[in-house]
Amino acid sequence: MKRITAINDFVIKFANINGSGSASANELFSKAVMRMGVPVSPRNIFPSNIQGMPTWYEARVCEKGYHGRRGGVDMMVAMNPQTWDADVAEITPGGYLFYDSTRPMPASKFREDIEVIGIPLTEIANATYSDARQRQLFKNIIYVGALSVLLDVEAEVFEKLFAEQFKGKERLLDSNKQALHLGRDYVKQHLKAPLGIRVQRSDKVGDQIFTDGNSAAALGFVYGGATVAAWYPITPSSSVAESFQKYCAKFRTESDTGRQRYAIVQCEDELASIGMVVGAGWNGARAFTATSGPGVSLMTEFIGLAYFAEIPVTIFNVQRGGPSTGMPTRTQQSDLLSCAYASHGDTKHVMLFPQDPHECYTHAATALDLADRLQTVIFVMSDLDIGMNQRLCKPFVWDDAREYDRGKVMSAAELEAGKDFGRYKDVDGDGIPWRTLPGTHPSKGSYFTRGTTKDAYARYSERGPDYIYNMERLNKKFKTAADLVPQPKLRAAQQKTDLGVIYYGSTSPAMREALDVLETEGIHIDALRLQAYPFPQSVVDFIAQHERVFVVEQNRDAQMRSLLINELETNPAKLNRVLHYDGTPITARFISRSIRDIVRPKAGTDSTRIKETA
Amino acid sequence: MTYIAKPRMHHPTLTTNKVGYTRRDYEGPISTLCAGCGHDSISAAIIQACWELDIEPHRVAKLSGIGCSSKTPTYFLGASHGFNTVHGRMPSVLTGAYLANRDLLYLGVSGDGDSASIGLGQFANAMRRGVNMAYIVENNGVYGLTKGQFSATADRGSKSKKGAINTDSPIDLVGLALQLGATYVARSFSGDKEQLIPLIKGALAHGGAAFIDVISPCVTFNNHSGSTKSYEFIRQHNEAVSRIDFFPPGEEITASYAPGEVVDVPQNDGSTLRLRKLHEDYDSTDRYAAMSYMNEHAARGEVVTGLLYLDPLPTDLHTSLNTCDRPLNALGVTDLCPGSQALDKINSGLR
Ligand SMILES: Cc1ncc(C[n+]2csc(CCOP(=O)(O)OP(=O)(O)O)c2C)c(N)n1
Ligand code: SF4
Ligand SMILES: [Mg+2]
């Protein structure tokens with residue numbers, strides 16, 4: 001049997017039981033590898049339940065820094081007897097199986113074509129600890145210790161991590177160290193190490209940070225000046241609001257009074273969360289809600305009101321698999337159309353597409369500015385893959401000279417000076433009207449906000465010309481938005497090509513890798529990463545400059561492609577669908593194969609050439 | 001165009017209040033509701049109450065849902081910002097607005113369909129949270145705006161104009177408000193100005209979740225015999241348990257009544273409510289007694305009106321959330337943004 005051999009380039013998957021404390025042990029493993037200077041991108045795979053059920057943690061170690069899911073498993077850490085058969089079957093031939101050998105397993109439970117590494121984890125833990133909870137928790141650290149020797153990760157790296165994590169808690173520090181070394185010592189005494197796959201010190205991590213998109217978004221909302229958050233719990237978005245609470249408690253509590261410079265309400269449903277955001281936005285506070293597809297569905301009536309009455313609203317949508325309750329713990333990019341055109345009547349909404357936690361942070365703050373500037377609904381379209389998984393990304397930055405853009409708010413002084421105030425009047429030619437906040441001036445600038453039709457001075461009017469003026473102005477405002485939103489990013493191919501690819505959001509890392517792979521095969525493609533909707537002129541130009549454009553996305557109905565065709569009146573024949581929507585994150589292998597199959601049909605017919613396991 | 005500005009002729013005899021406004025300054029454009037609609041009387045009572053309270057009109061934010069009742073904020077307080085939201089969801093919008101700026105007075109206007117049918121959940125949760133607002137339901141037992149269908153407050157056995165009989169039990173918003181923790185709960189009748197105006201004043205000055213259910217006959221769809229929300233029916237079945245008089249902060253309390261029937265209740269803002277008990281057995285400070293009293297009388301076919309419950313020391317949502325004194329919408333980047341140094345620290349914790 002030929003063993004898989006690889007340095008700094010493998011996939012290790014941990015099969016655990018939910019609630020067993022494995023999550024922090026697995027994170028510890030990933031962090032240790034990164035402290036060795038080697039990038040890791042882990043992904044949690046968890047069914048929709050709380051305790052006692054299977055969960056997986058799949059970590060891709062990749063010196064080249066490809067953070068997309070790779071596919072295939074080189075080493076399985078099989079800690080869950082329930083899922084044993086499937087877990088063992090998933091290992092790539094020549095790979096490795098790591099398991100707890102305390103209880104003997106029949107030979108039929110193993111495979112011939114893999115290397116099996118048994119360590120009596122339970123036995124070691126039970127011999128050292130008497131408390132049941134401790135036995136369970138430290139068993140996790142023992143396996144991390146064992147793996148560190150097998151994969152050649154330095155003990156010092158862990159010790160430093162422990163020292164940081166348990167600063168001031170010496171007892172915990174010592175016991176964790178002890179557990180780690182129990183695992184390390186066992187492997188050193190009984191087994192041959194390192195394995196064919198292993199880690200080697202490198203310098204590819206640099207100053208990057210390792211964090212998840214939801215807490216990054218929360219931080220963006222803190223920095224961006226959100227003061228009101230209203231939400232209703234839903235996977236995978238809940239941790240946005242929870243992290244916002246945590247950061248606010250830390251950064252927004254007045255040191256002298258102990259009072260809060262924020263208000264967070266956990267609502268009775270999403271109708272109430274969006275309603276509160278609308279109320280707060282109308283009244284001049286920066287407000288947001290975080291939700292997922294089903295929540296957006298409930299919010300749609302209010303979204304139309306905010307569009308038509310022109311109220312700043314920020315909705316952070318962490319997308320999951322739909323429709324209906326769908327795959328609540330799996331990832332997709334399938335809410336594009338339902339958000340772009342949410343609500344009845346002619347409506348359109350701005351969407352931003354973060355590609356990683358760093359952009360969840362920047363786009364959250366940007367969304368608050370855009371909402372105020374454009375006086376409309378701004379969606380930030382994250383997804384479970386970036387929201388709930390930690391990812392290496394650029395560190396957060398904030399320019400201390402930055403001011404919040406509060407948009408066109410007319411002051412009491414301006415009103416007093418006799419400036420003309422027409423709430424729905426286009427005075428600047430950009431379609432964006434001026435607004436006043438309640439309570440501003442005793443006799444000037446008040447108006448009645450409503451979802452019904454009105455004239456430019458906010459007076460109820462059913463006159464056709466008034467209605468059309470308003471709807472056309474809203475359209476103009478939407479065109480203005482195309483220039484204000486984050487612009488598309490072009491990655492030009494190494495040589496001139498008439499192939500193009502359009503992608504967005506969490507597809508980015510897999511796309512980058514796929515482009516590299518295709519390039520080595522001589523398939524050159526210009527790539528445009530969309531950061532927002534509406535689309536600026538550069539998207540039109542990009543499509544015009546290429547004969548064939550692939551649109552890569554994670555949904556069944558090619559929703560971005562539909563949006564491009566609908567908004568830009570692009571010839572549909574030019575836009576090729578590349579769709580991945582089984583709930584797992586898209587892979588570079590999938591993208592490169594799909595494109596290769598289209599560009600070089602003959603080579604592509606051999607679809608067994610790349611065996612991909614889910 | 002249905003927007004008709006009211007002629008603004010200032011009559012020389014119009015008196016100004018302490019903040020320098022005449023009663024006219026609290027009005028809005030002419031109402032487009034049906035002549036005789038109870039809702040218009042409530043608007044008039046709101047105008048009178050705000051004028052008497054010396055509230056600066058622009059410091060009131062008026063919010064409503066959808067319905068004939070919810071249209072009324074257009075017709076009063078023309079100098080205030082108003083927000084006609086979506087059907088049944090005014091409470092959440094008002095809550096959000098209140099979170100953004102705690103310094104304004106919040107007046108929520110709704111209908112029985114708006115609050116008891118489509119919006120029951122939001123009504124209930126706003127009461128639970130203790131949002132500082134005066135919440136008025138203009139209750140006619142029907143959906144006026146959609147032409148007379150029964151709403152969830154219609155009494156069992158009540159007959160619609162077309163002859164249909166309502167077989168569902170009614171939702172009693174007063175009972176719910178009491179149960180859910182509202183700290184000022186009253187019921188009144190649009191035809192009873194003397195009772196209604198002081199109740200609205202008390203609600204505006206209350207400082208917590210104040211709710212008034214105002215029976216407000218719909219002359220077009222629910223004012224016939226067989227209706228239990230008609231002028232005739234309410235006049236015959238009204239059981240007022242209390243009358244209140246409202247004294248603003250610092251005002252000398254002059255009116256005198258027979259001792260034993262009168263309690264003076266000081267309010268949070270320094271004003272005083274003088275409560276005249278009309279029924280010896282009624283106690284307005286006992287939430288649970290109020291509930292059972294109402295239920296007993298309802299069983300006898302009586303509509304109990306007056307100030308039914310009052311907690312003179314209400315808490316409100318901002319107190320529960322411990323928010324700062326300055327309105328959240330007045331905070332800027334220096335108040336809110338932790339800055340780049342704090343961010344560097346966060347970054348190093350994530351490596
Ligand atoms: C989501 C939605 N459903 C239905 C309607 C239609 N609608 C408008 S007002 C109304 C009922 C209003 O009844 P109520 O609140 O009692 O007000 P009234 O007109 O009786 O004062 C209905 C059903 C609507 N505007 N929105
Ligand atoms: S329909 Fe009824 S509720 Fe509506 S305005 Fe006319 S009388 Fe009033
Ligand atoms: Mg009604």
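Each chain gets a letter, A, B and so on, in the order the sequences are listed, and its residues count up from 1.
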Any donor and acceptor pair, going by atom type alone, linking the side chain of [X] with main-chain N or O of [Y] inside 3.5 Å?
X: B:Asp54; Y: B:Lys18; result: yes
X: B:Tyr106; Y: B:Ala97; result: yes
X: A:His358; Y: A:Lys394; result: yes

- Task: Spell out the residues in residues 342-351 of chain B that have some non-hydrogen atom less than 4.5 Å away from a non-hydrogen atom of chain A, in order of number; otherwise answer 'none'.
- Result: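 Counting heavy atoms that sit under 4.5 Å from chain A, the residues of residues 342-351 of chain B involved are B:Ala342, B:Leu343, B:Ile346, B:Asn347, B:Gly349, B:Leu350, B:Arg351.
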
Pick one of side chain, backbone, both or neither for [X], based on which atoms fall under 4.5 Å of a heavy atom in chain B.
X: A:Leu219; answer: side chain
X: A:Arg402; answer: backbone
X: A:Val277; answer: neither
X: A:Cys248; answer: neither
X: A:Glu268; answer: both
X: A:Ala263; answer: both
X: A:Leu271; answer: both
X: A:Val205; answer: neither
X: A:Phe308; answer: neither
X: A:Ala230; answer: neither
X: A:Gln208; answer: backbone
X: A:Asp207; answer: both
X: A:Thr253; answer: neither
X: A:Arg261; answer: both

- Take B:Tyr75 and B:Thr32, measure what side chain to side chain donor-acceptor pair (under 3.5 Å) needs, and give me the verdict at the end. CA-CA 9 Å; B:Tyr75 315 132; B:Thr32 59; 2.6 Å; yes

With respect to chain A, which residue among [options] yields the maximal number of heavy-atom pairs within a distance under 4.5 Å?
options: B:Leu99, B:Thr85, B:Asp103, B:Ile66; value: B:Leu99
options: B:Arg129, B:Arg89, B:Arg59; value: B:Arg129
options: B:Val60, B:Thr95, B:Asp325, B:Asn101; value: B:Asp325
options: B:Ala100, B:Gly332, B:Cys324; value: B:Cys324

- Message: Under 6.0 Å between ring centres: does that hold for B:Tyr21 and B:Trp51?
- Response: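 Centroid distance B:Tyr21-B:Trp51: not below 6.0 Å, so no.
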
- Task: Begin with the C-alpha distance, continue with both residues' side-chain angles, and end with the deciding distance and a verdict on side chain to side chain donor-acceptor pair (under 3.5 Å) for B:Thr319 and B:Asp316.
- Result: CA-CA 5 Å; B:Thr319 315; B:Asp316 84 306; 2.5 Å; yes

- So, for A:Thr449 and A:Ala309, which heavy atoms are closest and what is the spacing to 0.1 Å?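 Answer, listing the atom of A:Thr449 first, then A:Ala309: CG2-CB, 3.7 Å.
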
- Message: Tell me the closest heavy-atom pair linking B:Ala79 and B:Pro57, and the distance in Å.
- Response: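 The answer is CB-CB, 4.1 Å.
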
- Select one option (side chain, backbone, both, neither) describing which atoms of B:Leu94 are under 4.5 Å from chain A's heavy atoms.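 For B:Leu94, no heavy atom lies under 4.5 Å from chain A.
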
- Task: Side chain from CB out, backbone as N, CA, C, O: work out which of these in B:Pro73 comes under 4.5 Å of a heavy atom of chain A, or both, or neither.
- Result: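 It is both, since atoms from each part get that close.
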
- Query: Quick one: of A:Tyr223, A:Phe251, A:Phe210, A:Trp398, who has the most non-hydrogen atom pairs under 4.5 Å with chain B?
  - Reply: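 Highest number of heavy-atom pairs under 4.5 Å: A:Tyr223.
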
- Interface residue of largest heavy-atom contact number with chain B, from A:Ala272, A:Gly279, A:Gly451, A:Gly258, under 4.5 Å: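 Heavy-atom pair counts peak at A:Gly279.
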
Test ring pair (Phe, Tyr, Trp, His ring centres under 6.0 Å) applied to [X] - qualifying residues, sequence neighbours left out:
X: B:Tyr135; result: B:Phe123, B:Phe211
X: B:His318; result: B:Tyr98
X: B:Phe76; result: none

- Query: Is the cationic atom of A:Lys454 (NZ for Lys, CZ for Arg) positioned less than 6.0 Å from the six-membered ring centroid of A:Phe448 and within 45 degrees of its normal?
  - Reply: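 No, A:Lys454 does not lie over the aromatic ring of A:Phe448.
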
- Query: So, is the end of the A:Arg286 side chain (NZ or CZ) under 6.0 Å from the ring centre of A:Tyr404 and within 45° of the ring's axis?
  - Reply: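 Yes.
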
- Message: Could you go through A:Trp434 and A:Phe421, starting from their C-alpha distance and side-chain angles, then the distance that decides it, and tell me whether this counts as ring-ring contact (aromatic ring centres under 6.0 Å, His included)?
- Response: CA-CA 7 Å; A:Trp434 284 78; A:Phe421 173 62; 9.0 Å; no

- Message: Within this structure, what is the OG1-CG distance for the pair A:Thr452 and A:Leu305, rounded to the nearest 0.5 Å?
- Response: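 Interatomic distance, A:Thr452 OG1 to A:Leu305 CG, rounded to 0.5 Å: 9.5 Å.
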
- Item | Stepwise side chain to side chain donor-acceptor pair (under 3.5 Å) check, A:Thr436 with B:His81 | CA-CA 9 Å; A:Thr436 55; B:His81 274 66; 2.8 Å; yes

- Audit row: B:Tyr26, B:Ser80, side chain to side chain donor-acceptor pair (under 3.5 Å) steps and yes/no: CA-CA 9 Å; B:Tyr26 295 81; B:Ser80 312; over 6 Å; no

